[in-house]
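Values below: every heavy atom of this structure, side chains too, minus hydrogens, waters and symmetry copies.
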Amino acid sequence: MSDQIKFIVDSLNKEPFRKNYNLITFDSLEPMQLLQVLSDVLAEIDPKQLVDLREEMPEQTAKRMLSLLGILKYKPSGNATDMSTFRQGLVIGSKPVIYPVLHWLLQRTNELKKRAYLARFLIKLEVPSEFLQDETVADTNKQYEELMEAFKTLHKEYEQLKASGFSTAEIRKDISAMEEEKDQLIKRVEHLKKRVETAQNYQWMLKIARQLRVEKEREECLAQQKQEQKNQLFHAVQRLQRVQNQLKSMRQAAADAKPESLMKRLEEEIKFNLYMVTEKFPKELENKKKELHILQKVVSEPAMGHSDLLELESKINEINTEINQLIEKRMMRNEPIEGNLSLYRQQASIISRKKEAKAEELQEAKEKLASLEREASVKRNQTREFDGTEVLKGDEFKRYVSKLRSKSTVFKKKHQIIAELKAEFGLLQRTEELLKQRHENIQQQLQTMEEKKGISGYSYTQEELERVSALKSEVDEMKGRTLDDMSEMVKKLNSLVSEKKSALASVIKELRQLRQKCQELTQECDEKKSQYDSCAAGLESNRSKLEQEVRRLREECLQEESRYHYTNCMIKNLEVQLRRATDEMKAYISSDQQEKRKAIREQYTKNIAEQENLGKKLREKQKVVRESHVPNMKQAKMWRDLEQLMECKKQCFLKQQSQISIGQVIQEGGEDRLIL
């Protein structure tokens, strides 16, 4: 917001406003002054808006500003309810409403000037159909629409000429240069005539040269016609090939098409259309009806004053407090079933929103596809109209790509030249800025010198005098023309002023009384506010002290409570230990052997004896293992060596058998076998 206000103040301090504001003075402007600033900015965009708000009713001001903002296509942020608040804020001069409008207007002043100028001629007057039945009215309306279309075309041509970069000075320079070249050519022709006139057969040679030139031109024309006919033949062959390819592809598509795929596609389209008709469009229609109802309600209501706004704000605050109380009651109840239902409702709403978003995306994609297909068909028709060709394919496309590459190299060179020119333009622009700064410094030096000499403002006053003299001459001319009109206007204004004074006399008296009451009430309000502030400060200090004391007591209570629980746990542990000790003493002292056996001491002695016996057995077993470890290891090594020896004998036997049996006939079991 601060950046926005800073930009507004900087723009208002520049030409053509020259308001000399700073951030503090601008922020301290009253609503009426702020509305006057907005009216001045709108008057800079559209001169018809130059009005003194003290002489205009608030309803007329709001209507005038809203109509111009609608023409300029300003869109305030928010929905239909925010539109009503925007309208009310514009009537009362609310800062949160006017600051964004000023920021938007000052950002794009030149663009909005153009839009306001075009709106004077391009906003169409809606004539009722009853009046259009009259022939004269219909003819004038038709002529009006034709003039509007002619204005559009002329304005487009003007913008194109303006954007093309041509200027009258350059055209005049070109014309003067061409005239000089023409004069030089005339002089050269006369000089050549003088040189040729002395030669023999002068006329006959001129005739032959003329015939030669005519024949050469005819030859060039025939060569051009031949090339055009070749191109036409080439394009006709290409068109025939493309048509044949299209026919082939269409036949293949018709052959590959299956009824199942077509039915599936149709079912999907039917489902989508049903969703759009039954769910999406009715919701949108209901929303539009609600917005229309709200807008009609806003339009039907009269213009709201400051007291009405205060009443509405108080009602809104009361409703908000009631809502908060209901929310707190619901939270105190803490109904789990309702919470689950709200969770499911939230999930259902999320899914429905996703579904609507996907449907909108699909609809946009379909519209985009249809528009692209329309554009493609238009482009195809345009290409056919231009040269009778269609989209290039195959070798033609390769040749076209090679041409584009050659053109791209040319484009890169031209782009480099443009970059150099832009760099040079940047340097020139920088020099221009430096010269402007130097000019400003010189002006400041001139002002200081004038102040030293005691003639401060001499140059400025001289320029102003020249300007005023020029304006005076123009005004004198205007006075001579419009003196009668001014006198009539003065009479009318005097009569209007007298009427207004007589009408406002009673209102001014009431206003004085109300001002006195307002001053008394403001004094009383200030006194009550000071009393309230002092009382509130005392109560706040007492409240802070009480909160600190309550916090300290809560901490002490928590510490004591934790200490109490700890001591209880320790007491219970000691009681359990004491109970176990008494049980142990009873069992140890009693004469019954069974109870003695239940004692923990007896159980531990028994376990100790068992563990000592087990340790003795394990030590004896360890001694036996140590004594037999070395011979057992030797015996295991001998067995491993024996196993390796037997494996080696087995391998040798198998190898010997394979060498002997190759190529021999072996008889076994009455059968002969040849081993290869």
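In this structure, Glu643 CD and Cys648 SG are separated by 13.0 Å, a value rounded to the nearest 0.5 Å. Rounded to the nearest 0.5 angstrom, Ser628 OG and Met633 CE are separated by 11.5 Å. Leu285 CG to Lys290 NZ: the interatomic distance, rounded to the nearest 0.5 Å, is 11.5 Å. Taking NE2 of His103 as the reference point, atom CZ of Arg108 lies at 8.5 Å (rounded to 0.5 Å). For the atom pair CG (Leu362) and CD (Glu367), the distance works out to 10.0 Å, reported to the nearest 0.5 Å. In this structure, Arg619 CZ and Leu614 CG are separated by 9.5 Å, a value rounded to the nearest 0.5 Å.
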**Request:** Report the C-alpha distance between Val9 and Asn13 in whole Å, list the side-chain angles of each, state the deciding distance to 0.1 Å, and finish with yes or no for side-chain contact (heavy atoms from CB on, under 4.5 Å).
**Result:** CA-CA 6 Å; Val9 171; Asn13 290 333; 3.5 Å; yes
**Message:** Using the rule given for side-chain contact (heavy atoms from CB on, under 4.5 Å), can you reason through Tyr74 versus Leu105, listing the C-alpha separation, both sets of side-chain angles and the distance that settles it, and then say yes or no?
**Reply:** CA-CA 9 Å; Tyr74 174 73; Leu105 292 172; over 6 Å; no
**Asked** Passes side-chain contact (heavy atoms from CB on, under 4.5 Å), Lys407 versus Phe411? Steps please.
**Response** CA-CA 6 Å; Lys407 288 182 179 179; Phe411 169 75; over 6 Å; no
**Message:** Does Val237 form a side-chain contact (heavy atoms from CB on, under 4.5 Å) with Gln241? I'd like the steps, not just the answer.
**Reply:** CA-CA 6 Å; Val237 173; Gln241 290 177 358; 3.9 Å; yes
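Within 6.0 Å of CZ on Arg580 lie no more than 12 heavy atoms contributed by other residues, nucleotides or ligands. Residue Gln416 qualifies as open at atom CD: its count of foreign heavy atoms under 6.0 Å is 12 or below. Within 6.0 Å of CZ on Phe7 lie more than 12 heavy atoms contributed by other residues, nucleotides or ligands. Residue Glu420 qualifies as enclosed at atom CD: its count of foreign heavy atoms under 6.0 Å is above 12. Other residues, nucleotides and ligands contribute at most 12 non-hydrogen atoms within 6.0 Å of the CD atom of Gln635. Summarising the local packing, CD of Gln437 is surrounded by more than 12 heavy atoms from other residues, nucleotides or ligands at distances under 6.0 Å.
Taking 4.0 Å as the cut-off between side-chain N and carboxylate O, Lys637 and Asp641 count as a salt-bridged pair. The pair Glu556-Arg552 meets the salt-bridge criterion, with a side-chain N (NZ, NE, NH1 or NH2) lying under 4.0 Å from an Asp/Glu carboxylate O. Between Arg563 and Glu560 there is a salt bridge, with a side-chain nitrogen of the basic residue lying less than 4.0 Å from a carboxylate oxygen of the acidic one. Ion pairing between Glu433 and Arg430 holds under the 4.0 Å rule for side-chain N and carboxylate O.
In this structure the side chain of Asn632 never reaches within 4.5 angstrom of the side chain of Val625, judged on heavy atoms. Between Glu375 and Leu372, some side-chain heavy-atom pair lies under the 4.5 Å cut-off. The shortest side-chain heavy-atom distance between Thr431 and Leu428 falls under the 4.5 Å cut-off. Looking only at side-chain heavy atoms (C-beta outward), Ile319 and Ile323 come within less than 4.5 Å of each other. A heavy-atom distance below 4.5 Å is found between the side chains of Val410 and Lys414. For the pair Met570/Tyr566, a side-chain contact is recorded, criterion being any heavy-atom separation below 4.5 Å from C-beta on. Considering only heavy atoms from C-beta on, Ile608 stays 4.5 Å or farther from Gln611 through its side chain. Residues His235 and Gln238 are in side-chain contact: their nearest non-hydrogen atoms beyond the backbone lie under 4.5 Å apart.
Partners of Glu547 by side-chain hydrogen bond (donor to acceptor under 3.5 Å, both in side chains), not counting sequence neighbours, listed by chain and number: Arg543. His293 is linked by a ring-ring contact (aromatic ring centres under 6.0 Å, His included) to nothing, counting only residues two or more places apart in sequence or in another chain. In this view, Gln559 satisfies the side-chain hydrogen bond (donor to acceptor under 3.5 Å, both in side chains) rule with no residue, not counting sequence neighbours.
Closest approach of Pro282 and Val277 over heavy atoms only: CD-O, 3.1 Å. In this structure, Leu72 and Leu112 approach most closely via the heavy-atom pair CD2-O, 3.6 Å. Nearest heavy-atom pair, Lys95 versus Leu34, reported as atom, atom and distance to 0.1 Å: CG-CD2, 3.8 Å. Contact detail for Ser541 and Ser544: the closest heavy-atom pair is O-OG, 2.6 Å. In terms of heavy-atom proximity, Pro100 sits nearest to Gln4 at CA-NE2, 3.7 Å.
Using modelled atom types, one finds a donor on one side chain and an acceptor on the other under 3.5 Å when comparing Asn22 with Thr25.
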